[in-house]
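Index from 1, following the sequence. Everything quoted here is computed from the prediction, not taken from an experiment.
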Amino acid sequence: MAKRILTFLRELRVVLTSSALAPIIFLVFALAIYGFAGGAGTSEIEDMATLGVGAWLYYAASLFVLGGTDIGLPVEGGMPGSFYLLWVAYFLAPAVTTTFVIDTIRTLLARRHAVVPDLSNHVILLGRGDLASAYLNVIRLVEPDIKIVWVSHKPDEVAPLFKPDPSHPNVISVAGDIFDHAFLKTLSPTTACRAIALHSDDIMNLESSWSLASLNENLVIACHVSDLSLLRPANRLVRAQSGLGGRAPSTFSTHRIASLQVYDLMMEPHFLQTGGRDNIVVAGFGRFAQTLLELVTARGSGEVGQITVMATQAGAHLRQIESEVDLSEFDVQLIDGDIEDPRNWEIL
């Protein structure tokens with residue numbers, strides 16, 4: 001019962017925050033307070049103008065619930081227009097309440113009766129960016145007959161609508177709040193064959209992946225994490241979870257995949273040909289360059305001489321890596337500057 005109440009309150013919050021009635025509610029308060037403060041009294045409270053802001057706010061709020069029946073009807077007087085504006089507030093407040101109640105009932109009923117397709121042995125794809133689109137295209141080539149549920153994050157979507165994607169056969173699109181367990185259950189994680197989180201937000205990927213894992217501890221889940229400072233502790237968490245039962249979501253980085261390709265296809269063959277230690281210049285120090293440097297230090301022992309890093313704020317980035325990766329075996333030099341400045345290249 002408590003869980004149902006929390007779910008109802010969450011859905012009610014969504015209706016409130018997404019409602020177009022908020023400006024009208026503010027207008028009702030403004031008109032009512034102007035009327036009370038301006039001297040337009042009511043038939044039940046003669047000295048309304050002297051009661052103060054707290055009382056005005058209370059009686060303005062009561063218009064939405066009691067429609068003014070507890071304080072009586074507006075009485076003419078006071079500042080110009082206050083009497084008529086107060087009447088406008090009297091009419092608007094019950095209209096807002098009625099509209100809100102109808103909208104709330106409609107959205108909650110829509111959520112209860114949302115049509116969820118019968119899904120089995122399908123792939124759950126979370127995310128709508130370029131990376132997710134690329135993965136979708138690849139899986140369509142490798143497994144053209146498998147069904148894919150393509151999910152986009154839309155926190156104000158109360159009633160998820162599953163609909164076939166016109167651009168991709170066997171793909172069902174749906175939008176909803178991926179932080180909501182009730183919505184994740186509609187994706188049928190207990191019968192899915194695997195899931196992959198490819199949002200542009202790393203935290204969103206991690207949270208949605210672990211939420212799906214809690215709904216099906218045997219589901220194969222891959223989670224994209226591009227930030228190295230998050231990827232390393234996430235990997236440690238996965239390793240720690242592996243001995244406790246259940247399948248933890250595996251994490252990966254496209255930067256690491258790309259750096260492995262560069263190292264295996266270009267750098268390692270070059271190291272084998274030269275026979276001695278090679279000096280490396282890393283121009284720019286974004287996430288890909290940091291990942292590549294970490295890989296070189298892990299696999300290039302005995303092959304690499306001096307490593308020169310040229311980038312703006314190179315020192316700060318390198319110190320962040322050194323907090324996680326041991327670089328003491330390598331001679332790392334820094335050129336803290338813009339790679340497009342010719343004077344920085346003259347130093348080499």
Side-chain angles (χ1 to χ4, degrees), residues 1-116 152-162 174-186:
M1 178 62 70
K3 187 175 181 180
R4 291 182 178 179
I5 294 174
L6 289 174
T7 301
F8 173 81
L9 292 176
R10 181 184 180 89
E11 293 172 346
L12 189 63
R13 177 186 61 80
V14 171
V15 173
L16 280 169
T17 55
S18 61
S19 175
L21 297 176
I24 303 178
I25 294 173
F26 176 80
L27 178 63
V28 170
F29 271 96
L31 294 176
I33 291 173
Y34 177 81
F36 295 148
T42 66
S43 58
E44 298 295 330
I45 303 178
E46 297 181 357
D47 57 347
M48 179 69 77
T50 64
L51 296 182
V53 177
W56 299 337
L57 287 171
Y58 173 79
Y59 288 125
S62 74
L63 295 179
F64 294 97
V65 181
L66 302 174
T69 57
D70 59 331
I71 58 176
L73 299 178
V75 176
E76 191 168 2
M79 296 175 60
S82 60
F83 170 70
Y84 299 102
L85 293 177
L86 186 56
W87 264 118
V88 173
Y90 265 59
F91 279 106
L92 276 180
V96 168
T97 302
T98 303
T99 303
F100 172 75
V101 170
I102 293 174
D103 186 53
T104 301
I105 293 175
R106 179 184 61 81
T107 52
L108 294 179
L109 287 177
R111 176 65 178 268
R112 180 178 294 273
H113 298 290
V115 178
V116 179
S152 56
H153 178 54
K154 192 175 181 182
D156 58 349
E157 188 68 44
V158 178
L161 177 62
F162 292 80
V174 64
D177 186 357
I178 66 164
F179 298 119
D180 183 4
H181 269 59
F183 169 68
L184 292 179
K185 287 181 179 179
T186 66

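- Residues forming a side-chain contact (heavy atoms from CB on, under 4.5 Å) with S62 (at least two apart in sequence, or on another chain): Y59, D70.
- Here the closest non-hydrogen pair linking F162 and T186 is CZ-O, 3.4 Å.
- Under the 3.5 Å distance criterion, the side-chain polar atoms of T97 are matched with a main-chain donor or acceptor of F64.
- Here the NE2-CG distance, from H153 to D177, works out to 5.0 Å after rounding to the nearest 0.5 Å.
- With hydrogens and angles disregarded, a donor-acceptor distance shorter than 3.5 Å links the side chain of W56 to the backbone of M48.
- Interatomic distance, I45 CD1 to F36 CZ, rounded to the nearest 0.5 Å: 7.5 Å.
- Side-chain contact check for Y58 versus I71: every heavy-atom pair is 4.5 Å or farther apart.
- Of all heavy-atom pairs spanning F29 and A60, the tightest one is CD2-CB, 3.7 Å.
- Atoms OH and CG, on Y34 and L86 in that order, are 11.5 Å from each other to the nearest 0.5 Å.
- For V75, the side-chain contact (heavy atoms from CB on, under 4.5 Å) partners two or more places apart in sequence, or in a different chain, are S43.
- Taking NZ of K154 as the reference point, atom CD1 of I178 lies at 15.0 Å (rounded to 0.5 Å).
- F179 has its side chain out of reach of L184: every pair of non-hydrogen atoms, C-beta onward, lies at least 4.5 Å apart.
- Contacts of A89 classified as side-chain contact (heavy atoms from CB on, under 4.5 Å), with partners at least two apart in sequence or in another chain: V28, L31, A32, L63.
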